[in-house]
Protein chains: 4
Amino acid sequence: MCSRAAFPPGIRPQGEVLLKAAVISADWAPRPDYALSEEERRTHMARVGSAVWKNPRVQVQELEDPRPGAHDVIVRVAAAGLCGSDLHFFETDADGYMHYPGMARFPSVPGHEVAGEVVETGAEVRSLRPGDLVCLDDMVCCGACEPCRRGFPNQCENLDDVGFTMNGGCAELLRVPARNCWNINALLGRYHGDRNRALEAGAGIEPFTVAYNALFECAPRLKPGAFATVFGAGAIGLAAVQLLRASGAARIIVFEHHAHRRELARQFGAHDVFPANGPEPGGKRPPREIVMELTGGAGADVQVEAAGAFNHTVTEMEACAANGCQIIIIGRDRLRVPLFLENLQVKKANVIGAMGNTGYGTYPNVIRMIAAGLLDPTPMVTDRFSLDEFEQALAKAKSRQGGKVLLRMNGAR
Amino acid sequence: MCSRAAFPPGIRPQGEVLLKAAVISADWAPRPDYALSEEERRTHMARVGSAVWKNPRVQVQELEDPRPGAHDVIVRVAAAGLCGSDLHFFETDADGYMHYPGMARFPSVPGHEVAGEVVETGAEVRSLRPGDLVCLDDMVCCGACEPCRRGFPNQCENLDDVGFTMNGGCAELLRVPARNCWNINALLGRYHGDRNRALEAGAGIEPFTVAYNALFECAPRLKPGAFATVFGAGAIGLAAVQLLRASGAARIIVFEHHAHRRELARQFGAHDVFPANGPEPGGKRPPREIVMELTGGAGADVQVEAAGAFNHTVTEMEACAANGCQIIIIGRDRLRVPLFLENLQVKKANVIGAMGNTGYGTYPNVIRMIAAGLLDPTPMVTDRFSLDEFEQALAKAKSRQGGKVLLRMNGAR
Amino acid sequence: MCSRAAFPPGIRPQGEVLLKAAVISADWAPRPDYALSEEERRTHMARVGSAVWKNPRVQVQELEDPRPGAHDVIVRVAAAGLCGSDLHFFETDADGYMHYPGMARFPSVPGHEVAGEVVETGAEVRSLRPGDLVCLDDMVCCGACEPCRRGFPNQCENLDDVGFTMNGGCAELLRVPARNCWNINALLGRYHGDRNRALEAGAGIEPFTVAYNALFECAPRLKPGAFATVFGAGAIGLAAVQLLRASGAARIIVFEHHAHRRELARQFGAHDVFPANGPEPGGKRPPREIVMELTGGAGADVQVEAAGAFNHTVTEMEACAANGCQIIIIGRDRLRVPLFLENLQVKKANVIGAMGNTGYGTYPNVIRMIAAGLLDPTPMVTDRFSLDEFEQALAKAKSRQGGKVLLRMNGAR
Amino acid sequence: MCSRAAFPPGIRPQGEVLLKAAVISADWAPRPDYALSEEERRTHMARVGSAVWKNPRVQVQELEDPRPGAHDVIVRVAAAGLCGSDLHFFETDADGYMHYPGMARFPSVPGHEVAGEVVETGAEVRSLRPGDLVCLDDMVCCGACEPCRRGFPNQCENLDDVGFTMNGGCAELLRVPARNCWNINALLGRYHGDRNRALEAGAGIEPFTVAYNALFECAPRLKPGAFATVFGAGAIGLAAVQLLRASGAARIIVFEHHAHRRELARQFGAHDVFPANGPEPGGKRPPREIVMELTGGAGADVQVEAAGAFNHTVTEMEACAANGCQIIIIGRDRLRVPLFLENLQVKKANVIGAMGNTGYGTYPNVIRMIAAGLLDPTPMVTDRFSLDEFEQALAKAKSRQGGKVLLRMNGAR
């Protein structure tokens, strides 16, 4: 545990001071059957983390104070959310390998749902000034690969991801490119000057941008008055519920396993909430029947998979599709799901793959909607911990029963 | 004045009874310089009403009870709104010719913003049953011309329009094709069983469908989080304000001449309301400056012309367009407006012509949104009259200062 | 066999003359386990033809001369194509029940790919005149159900289908609503006044409209320069190839089982043609690998399933999707196909259900493109028969090895 | 004049050699009434070139050999086109100020329609290798401003433009970011290995990308089978004609003042070509009448303004719009044009502002279409000059009567 006092508000530490951060370590132990590339051998950036890294552990320790590059800013972090991807660093298989399947190099600092205050800007930065409150867009796209140049930033071939391939926000200070920060000063007014709450809202923006990208960039047919379903009420599913409510969906039907999340879904604007498959009344009836009944036989116009349980969800969704239905897949699931495509044909329906959150105005539109009071991430937060309590925060998040677990840095609570 | 008692609720008059209706008469007096077509001579359906019909007057009188054709329904009218187009029948020029520029034949019954109860259905009608509450879609498209077959129903070449080329709803009973009625039983629940209010809401749906068609069918780029302007807060402008608010616009700025309508705009969800050109504070500043300031320099993403005063509005709109801005023209104005198209180019902006309200799911989506509590036409109603008070209703509507003027038929108030 | 001479060109038979038609008969023999509805019992219009109709047979016989209703036209048929759906009337299972799974009542006249000359028009018809050459849009939508009114004509709930639920075009004369005929006089110029060829082109339009609806109405992201695949080169697949070529696809890769159809695909504009699974060189390599290689690793931007063999096609398509790929399903297959949806997510790709051919300007746009020389259905025709040779035509079509089999009526060849 | 021999093919000059370039000079002489900003004073980068720079002249001289930054490439230029914007540097008003109204600093090298061979790559460049043939995307977007991050790269707030604010391609060597180069090796096959012609095609790509962006990114409703007009057949208008032809337009009607360009329009695929307002037969009839007649009364579905003469074009376009028409403005004109917006409303038509050419896959799609033989820029080239003949090239281009004037560098002809 690190005992140095947190940085005082509004002050950028000068000189060779150190900063506190949660640092993940692990052992480089490529599985015998994994073919290491020359580059992996040289850089220790594994393409498939779970094939190489063993015995992950975390320690809050002191790191060197970062200096900004010409296009970077330094953010004094106020809050960082823990999400499911973060947990995969720490959950291991029987042999001790981490579950995390993406690119990974250690030691590194996690944290990609981040908000804070700009404390220093690089020489070329014009869009931000010290004192600005910002939230993080974690996707650092190269801008040079063909997907980036064709307008597919979420498909960047050289993606860096803050909190994954770059040091993230579970730290007192974060260095990121200025273009990965979005100004959230406008949230201060909406939260009546409560800087603390504005920054917690900022740390909760990322799942909303994932849902916004899915609903309004990937599924362009969505119109006000739609009947909607959301399968799964984790952070992204809940964000989808709020966004659907704020954009004119006439009925939002949610299916979710955990009782606490069902409660949140209702609070976030769902009209009807049902257990996914549980023992409660309603749980034994297939969702398709419930949806057809509640929509007066019309079916759902837009359906969101945010559960990552395709065999329990997508097969239901295709059976209660309205004409022109858009079935949007945000959850991840490595299983094949047997689809009856005639359902899509008869209904002029689509299955739409969605991933990522950057580009196309997702961040500024979500920020504007929060500032206008149309969205509010803060009720999602159920637990707050200091950086020193990182392990307790992790344990709470692993239970996957509550809402969002936040780390509050630099003394904030 | 007609003195027979109104039809009692829920009962369809049988046999040769008569029904009360407001009937417009006028004199067939083609202007000397107007070239009558053979068909006009034969049918007395003038293509340009204002070129032929003189000395309009209205009388509430008894008409024969209509029998439904195989695909028709008979609606016992509960409420009919008066709108600007209706007034043009009665306003005349110096020579006594009516202002109404569209197709017209007299005597006829006005009224196209109508709701009521189905009291009889034709032999082939399956979608409605007696007792259903309905609102009217006044556009009777032919389904056979090329625009209809290509998906442009609002551009139908053989359009009949209830209340204009066919007898309308300022009457106790209305005969229309079943497909021009939309079931609004779902509104009963939203108004807690208040049938009266549900039917008034139904009579107020038409301007919402005009605005819905313009915003979501004609302007497909609109996304939640948009900054919006609405110029003109008559019925359609007010409907646009509510729709924008319900679909996630982050800021809605309204410019309107009449103080009472400004009040309504605020009540309907506008964030900022300004006089168009009046003496009040703010009225002397050009709207373009106000919009740029309130949007933090970003400009407006979507702009609605609902004032019919293009030289005062569109030239402002083009100057405060955000990147990708959609300038939607709903108001009508016969003047040419000098546009600076470079503004559109620099901003990747569009000027979008919108007209009509039928097709593309506009009615069912608006009805769903009202049923869900996302929209509410009823606060727009400021004045109610009985059918016998048609002339007083007309006089009130002509003042164009309040909200919607309703005729309440069959004894309802 | 019927021996009366065909109607002479350009002359509408008067009075009580009879006309020749191919008439399908079958025995009404509901399967024991099929629950007949009251309406089916009354009307003998079976909802599931294959559950009720047994021992189908066809005879060319004389029928009464049809009179047009007010909105109908009478078409003197010149050519009628036989397609796969027609064959299902005649192919039976072990118990003698027809394969055709849709709505069916017998006796009836098949034929929905039809062109001819208007010889009489109903009283209200304004869009066509005797002498006009027309092709048929077989989908008679009701215009009154909610899907029709919402802009989903191909999803009409009360659809009549010429050649299926109404008498079709394998006859000397055809009565249909005028709005189901499209004027093809413009094709005369394109075929240098060869009326015969213009009418054969007209009879070949229907599969092009199916493909046009799928590519340009259902898959709105398609842009010129796309890399495309087409799986299956039957009539619809071949039409898709021509449409892709004419609309700027930069590479069109076709997979097809039958050698003759592969030859047609090449002739119709495919850049690369491969056997689907055959013994020929290339047949053993999975299509996904071929597509990735030929597109330089980019994958396909648009992919058309026109084979109705989802387990052999869609699983390949999802593996060679480019960013933003649209996988369009036109073929029919009653099997479930196991999809790996993560492929869609990683690539921002969609699976799009397509069905039908009416509405949205499909017919007029296809007709314009044929008139402009951009499309040509006529090379698809490989076999021609007279109406009296209906059984031979049927036998040829059943082989499913060639292109289109045409019946040429009224003496034309 | 500079006499050193051109660089031999395929060889990157080493060390301190010099390279030849056309260098524009001018005198810094701010107009008395122009308010210089502090930044302009410091950097001599004028925001409005025509307000500051006087007495422009050009000299072919030797410059220092550029070294690539980490993300740059060095291109050995083969060809550079001169376009209208280039001419504005040299055309002056009565006081000797240049016409060019954009940002400008001198001395600088013009040339933004460029193709050549990569001869050196920066340390971080992975997408290109020495020997690759490339064409230039001249728009160097910052990637960090809000428009860039929202998906509006053509609206970048910190845009650098090669040949305008950075040294361009009228030189033997060009240094640019790798992401501004597109690989055109695929054109070699299409031109049967003729490297010279492939590179001339590459230098002609830019106007096609401007037209592609306008037609397929800005005007998303365009469908195959459309009737089209193009007003103005300069480089961009001609590119629009080819693109419309290659993407399935059924009729393309061109209006153009110069006879030679009319000839090119016909050669490039226009179906009908008319003088804009000239003395030739047809020139006296308004385009609106011609368009209505040639489209059989339907009007045009898509219309392209590429003439920059709005008062002569847009007022015609609005009068011959088909239902759903898209009027796309690419040309530039500083005059206001009086539009009759009711035309747009009645027809559900749009006026669409288009500018720029980057992003959204424009370059790769145009390159694919050229490689597939669907487009061909090379017939546009009517005149070729060596770098030493820059002044003659300029004189020819100023006549604005022919097609494209090319500079061929490094000894190529």
Side-chain angles (χ1 to χ4, degrees), chain A residues 39 68-73 121-128 134-137 139-158 160 176-183 186 209 212-213 216-218 220-221 356-368, chain D residues 39 68-73 121-128 134-137 139-158 160 176-183 186 209 212-213 216-218 220-221 356-368:
Chain A
E39 196 181 342
H71 298 279
D72 293 336
V73 296
T121 59
E124 299 290 329
V125 174
R126 281 176 226 152
S127 56
L128 291 169
V134 294
C135 73
L136 174 70
D137 175 353
M139 300 182 73
V140 183
C141 301
C142 76
C145 68
E146 184 154 334
C148 276
R149 291 193 286 167
R150 287 191 85 146
F152 292 96
N154 290 305
Q155 277 69 35
C156 173
E157 292 173 355
N158 308 306
D160 265 314
V176 284
R179 69 185 155 86
N180 284 74
C181 288
W182 290 92
N183 189 317
T209 60
Y212 189 102
N213 175 63
F216 304 113
E217 165 60 22
C218 297
R221 277 189 199 167
N357 58 338
T358 201
Y360 324 117
T362 50
Y363 273 90
N365 281 329
V366 167
I367 293 167
R368 288 178 180 185
Chain D
E39 197 183 342
H71 297 279
D72 293 336
V73 297
T121 60
E124 299 291 330
V125 173
R126 281 176 226 152
S127 56
L128 291 169
V134 294
C135 73
L136 174 71
D137 175 353
M139 299 183 73
V140 183
C141 301
C142 76
C145 67
E146 184 154 334
C148 276
R149 291 193 286 168
R150 288 190 86 145
F152 291 96
N154 290 306
Q155 277 70 36
C156 173
E157 292 173 355
N158 308 305
D160 265 313
V176 284
R179 68 185 157 86
N180 283 75
C181 288
W182 290 92
N183 189 317
T209 60
Y212 189 102
N213 175 63
F216 304 113
E217 166 59 23
C218 297
R221 277 189 199 167
N357 58 338
T358 201
Y360 323 117
T362 51
Y363 273 90
N365 281 329
V366 167
I367 293 167
R368 286 178 181 187

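Chain A is the first sequence line, chain B the second, and so forth, proteins listed ahead of strands; every chain is numbered from 1.
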From E146(A) atom CD to Y363(D) atom OH, the distance as rounded to the nearest 0.5 Å: 14.0 Å
Per-residue contact mode, N158(D) against chain A (heavy atom under 4.5 angstrom): side chain
Interface residues of residues 147-157 of chain A facing chain D - non-hydrogen atoms under 4.5 Å apart: R149(A), R150(A), G151(A)
Pairing residues for R179(A) by the side-chain hydrogen bond (donor to acceptor under 3.5 Å, both in side chains) criterion, not counting sequence neighbours: none
Max heavy-atom pair count under 4.5 Å with chain D, selected residue of S127(A), C145(A), P364(A): P364(A)
Nearest-0.5 Å distance, SG of residue C142(D) to NE2 of residue H71(A): 9.5 Å
